[in-house]
Each structure stands twice: as C-alpha cells, then as structure tokens.
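Read through the structure below, which is laid out as structure tokens, and then see the notes.
We number each residue from 1, following the sequence as shown. In listed order, ligands and their atoms are each counted from 1.
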Amino acid sequence: MKKEKIIYLDNNATTKVDLKVVREMTPFFTELYGNPSSMHFFGGKVQAHLDTARLRIANLLGAKPEEIIFTSCGTESDSTAIFSAIRVNPEKKHIITTVVEHPGILNVCKYLESFKGYKVTYLKVDAEGRISLDELKGAITEHTAIISIMWANNETGVIFPVEEAAKIAASRNVLFHSDAVQAAGKLPINLENSKIDLLSVSGHKIHAPKGIGALYIRKGTIFAPFLIGGHQEKGRRAGTENVPYIAGLGKAAELAAKNLKKENSYVKKLRDKFEQGVLKTIKNVRINGQGADRLPNTSNISFEYVEGESILIFLSEKGICASSGSACASGSLDPSHVLLSMRVPLTFAHGSIRFSFSVYNTEDEVDFVLKELPAIIKKLRIISPFAEGKPLFGEVKTES
Ligand SMILES: *Cc1c(COP(=O)(O)O)cnc(C)c1O
C-alpha cells in the first residue's frame, strides 16, 4: 500500500503518540498485568508503576502525587470537577465560566441550567479573545459554587489569567477549576503556590493515547467522586486503573516537562513562519487572538469570503490536516462559538481554519502549506458569490 503523505497540523485535536510512550505502555498488557489493588506481590509491583506515573504528572504540574487522580479523559476530569463542586455545595446554585470553554465544560453548564435549576454566568471575551477579571469579580455571589476557566483556548490558543482568577475566587471562598487540557505540556504550570483547586489534563493532547486523563485536586479540597464504586484512587475515582494508559500518560508528562522549553521555541518558530507567510501571500485574512497571549503552537486564521469547510477539503486533498472550529464542534455548519463571541465578522468567521503544530512538524511542511494555500484560497474566492466585487456582494439576503 502506498504510504499517504500526511502533513498533520491538527495537534490541538489530538497528537501522535510518542514511541517512547508506546514502549512504556507495552509491558503492562502481557507481563505486568496484575491488578494494582491486589494483595499479592504481583499487584504491588504494578502499584509501584502507578506511583511513578502519578509522580511524573505531579512534576509536570508542580503538584504533589497525592493531589493527582487518573480519569478516562479530559472530559471526565471536567465533569468530575464541576459535579464535585456542586455536590459539596448543594445550597449554592450558581456557576461562573466563560463563553469560550470546551464543550466538556459548556455542555455540563447548559445541562445544569436546563435541568437542575442552576444559574450560569458566562464571562464574555473581547475581540482578541480575552476575559475581564473585573467582570469575574462582579459576577461572584454568595451562591457561586465553582468558577471554571480554561487555561488556554483550544481554538485560538488564547491564554487566560487563571492564576489571578483563582486568587480572586479564593478571596471569596469559591472553588476554582481550570481546564488545562491545552496548556499542560505546552506552558509552564506550577500549582504549588497557586490558588487553583481543580485542574484537568488529557493524555492525547500531549503525545499519550486517547482515553486517559488526570485531575488535580488540591490537598484539603472537599471532593465528591464522579464514578462511585471501588476504593481505587483513595475513593476518589472508582474503577480498576487503566494501568498501561496511566503509565503512558506518566511517560508523556515526563517527556513534556523535560522538553517543554525546547519544544515550545521550535513550534513557535514554525507557527510564526507560517503566519508571516500567510499574511504575505494572501489578502483579506485575520489572525484571531493575535493581540493576546497565545499558545506557541496554535494559529487560527480567517480567510474572508470563503467557507472553512471548503478550504479543509482542498487542503485535505494535498494531505494537509487542519480543522475549522474545534474537532468537537465540527459537523455543524455554524461558525465557531469562540470566534462569534470575539465578534469576528461573519464574512471572516465562516472561513476560519485552525492550524496547530507539534514537534513532529517540520519547516519543509510549513513551506509546502505556504506554497499550496494561496492557490486554494484564490480558487475558492473565484467561485465565492460573496467575494468583494461580485454582483451579489452587498445585497446578500441571509435566511434566518
Ligand atoms: C480536547 C479537549 C478536552 C477533552 O479532552 P478528551 O480527553 O478528548 O475528553 C477538553 N478541554 C479542552 C480544552 C480540550 O482541548
């Protein structure tokens, strides 16, 4: 079979598993298959590897091992955090989050609003995708059970001031959670002196496999488990531990901590070269969130007058993988909720593509995309009924 050419620029959707991670995992399928909860020596042997993995994640986050529990994914960590907060504060029926959260938080909040009588304040973002800490201060009430603000946005890469936000939460005695799925392994995180109580991590965004995650629970935080059953994870998450995947996540965390600085400057160089190239060769584009602090690997670009989905199809024909909106929201033809909340004009928002880089990308790949992309946009603008100068331009009636 012919090996297909893949230029994978969708690393915020998922990442390739590092071979070192795969190697770390394999013994746990057929050799070290004991149940870590078992009394015998074989269980104990496996338990020691769980401890190692926990320590590695803790080190990545500047946390203590006993503050980490393993979950099945970032989404489970998010749900666990929110449901724990509302269970330990049954009388408090208010939640604060942002309009740009991942569905893992947004849809939990919408569920609690629709079916459980909760009031949710969604903090707005400005044109660059930033939140206002003053708006946060004003939103907290005596009924607020939890504040959940993502560390970095998956679509734009915009970074939020979560440590300052957590201080504000702590000063008002409100629990603070951060979905750090896009930040862990990409930004330095040190929870030791922060006021963050709960923090979500996912394996498959940091070169570990899909289906494994972790949740940081600050020591002393009153906590209610999401999965109820056995006594695993000191009663904080029932279910026999997914040992191979936990070992993989631990290895990925160790590698991320070790290489973070080096990898960041590498991917930032690729990303910046890419953005400069796009700005130079294509007109009527905007880089979303460019004025804010951003993850070094993420580029969200709007091409005016074209449909993002069409760009993706043409890119895909050249072997280039990118995404419109977020992987979790695609399938719907509405422009991304993140870009709409930044008030990106509709003619731009519809033509938005997220390119997200990793250490596996190369400069040659960036050059190849920069060579192909202008022709794709040009072709699409020629057939676009909306493009400037077209007869339809300015007199389009949108159906509602
Ligand atoms: C991917 C992602 C998640 C979900 O993680 P899963 O492990 O896929 O459940 C949550 N939050 C953000 C910001 C993400 O990018």
Side-chain angles (χ1 to χ4, degrees), residues 8-17 21 57 60-61 68-83 97-111 122-123 125 129 131 148-160 162 165 177-187 189 196 198-216 226-227 237 242 245-246 248-250 252-253 256 289 292-300 321-331 336-339 341 354-358:
Y8 188 76
L9 301 180
D10 202 8
N11 287 282
N12 286 10
T14 195
T15 58
K16 170 173 163 164
V17 179
V21 169
I57 302 268
L60 178 69
L61 303 176
I68 305 293
I69 64 167
F70 295 107
T71 64
S72 67
C73 58
T75 301
E76 186 191 322
S77 298
D78 283 349
S79 273
T80 303
I82 302 289
F83 282 103
T97 187
T98 76
V99 286
V100 296
E101 295 298 309
H102 187 272
I105 292 292
L106 273 188
N107 287 341
V108 172
C109 289
K110 289 193 180 134
Y111 162 80
Y122 299 92
L123 301 176
V125 294
I131 58 165
S148 181
I149 298 178
M150 66 199 328
W151 199 303
N153 184 267
N154 43 302
E155 291 188 31
T156 58
V158 170
I159 298 166
F160 295 106
V162 285
H177 166 255
S178 182
D179 175 341
V181 169
Q182 291 293 343
K186 294 179 194 161
L187 298 174
I189 294 181
I196 295 168
L198 300 148
L199 180 131
S200 304
V201 172
S202 171
H204 73 104
K205 307 288 172 76
I206 59 166
H207 305 291
K210 297 154 190 67
I212 185 68
L215 178 68
Y216 161 86
F226 187 62
L227 284 192
R237 201 274 188 182
N242 186 356
Y245 283 63
I246 290 171
L249 176 58
D293 275 343
R294 276 187 303 161
L295 291 175
N297 80 316
T298 308
S299 185
N300 189 304
C321 308
S323 109
S324 66
S326 70
C328 320
S330 55
S336 127
H337 73 286
V338 174
L339 299 182
S341 65
R354 177 187 70 190
F355 301 90
S356 45
F357 297 82
S358 86

What residues, two or more places apart in sequence or in another chain, satisfy side-chain hydrogen bond (donor to acceptor under 3.5 Å, both in side chains) together with Thr80?
none
One finds that the ligand 1 atoms under 4.0 Å from a non-hydrogen atom of Ser202 are 5 (O), 6 (P), 7 (O)
CA sep, side-chain torsions, deciding dist, call: Asn154, Val181, side-chain contact (heavy atoms from CB on, under 4.5 Å)
CA-CA 8 Å; Asn154 43 302; Val181 169; over 6 Å; no
Those atoms of ligand 1 less than 4.0 Å from some heavy atom in Asn154
13 (C), 15 (O)
Apply side-chain contact (heavy atoms from CB on, under 4.5 Å) to the pair Tyr216 and Leu198, showing each step before the final yes or no.
CA-CA 5 Å; Tyr216 161 86; Leu198 300 148; 5.7 Å; no
Which atom pair, heavy atoms only, marks the closest approach of Gly157 to Ala152?
O-CB, 4.3 Å
Which ligand 1 atoms are under 4.0 Å away from a heavy-atom of Val181?
1 (C), 2 (C), 3 (C), 10 (C), 11 (N), 12 (C), 14 (C), 15 (O)
Let's go through Tyr122 and Cys109 carefully: what are the C-alpha distance in whole Å and the side-chain angles of both, what is the deciding distance for side-chain contact (heavy atoms from CB on, under 4.5 Å) to 0.1 Å, and is it a yes or a no?
CA-CA 10 Å; Tyr122 299 92; Cys109 289; 3.7 Å; yes
Which atoms of ligand 1 are found less than 4.0 Å from any heavy atom of Met150?
13 (C)
I need the atoms of ligand 1 closer than 4.0 Å to a non-hydrogen atom of Cys73, numbered in the order shown.
6 (P), 7 (O), 9 (O)
Check this for me - ligand 1, Asn12, N or O atoms closer than 3.5 angstrom, yes or no?
no
Excluding sequence neighbours, so at least two apart, what forms ring pair (Phe, Tyr, Trp, His ring centres under 6.0 Å) with Phe355?
Phe274
Heavy atoms only: which of Gly74, Ser79, Gly203 is nearest to atom 5 (O) of ligand 1?
Gly74
Ser79 and Glu76: side-chain donor and acceptor closer than 3.5 Å?
no
A student checking ligand 1 against His204 at a 4.0 Å heavy-atom cut-off should list atoms 6 (P), 7 (O), 8 (O)
For Lys205, take its heavy atoms, then give the atoms of ligand 1 lying under 4.0 Å from any of them.
1 (C), 2 (C), 3 (C), 14 (C), 15 (O)
Which segment of Thr75 sits under 4.0 Å of ligand 1 when only heavy atoms are counted:
both
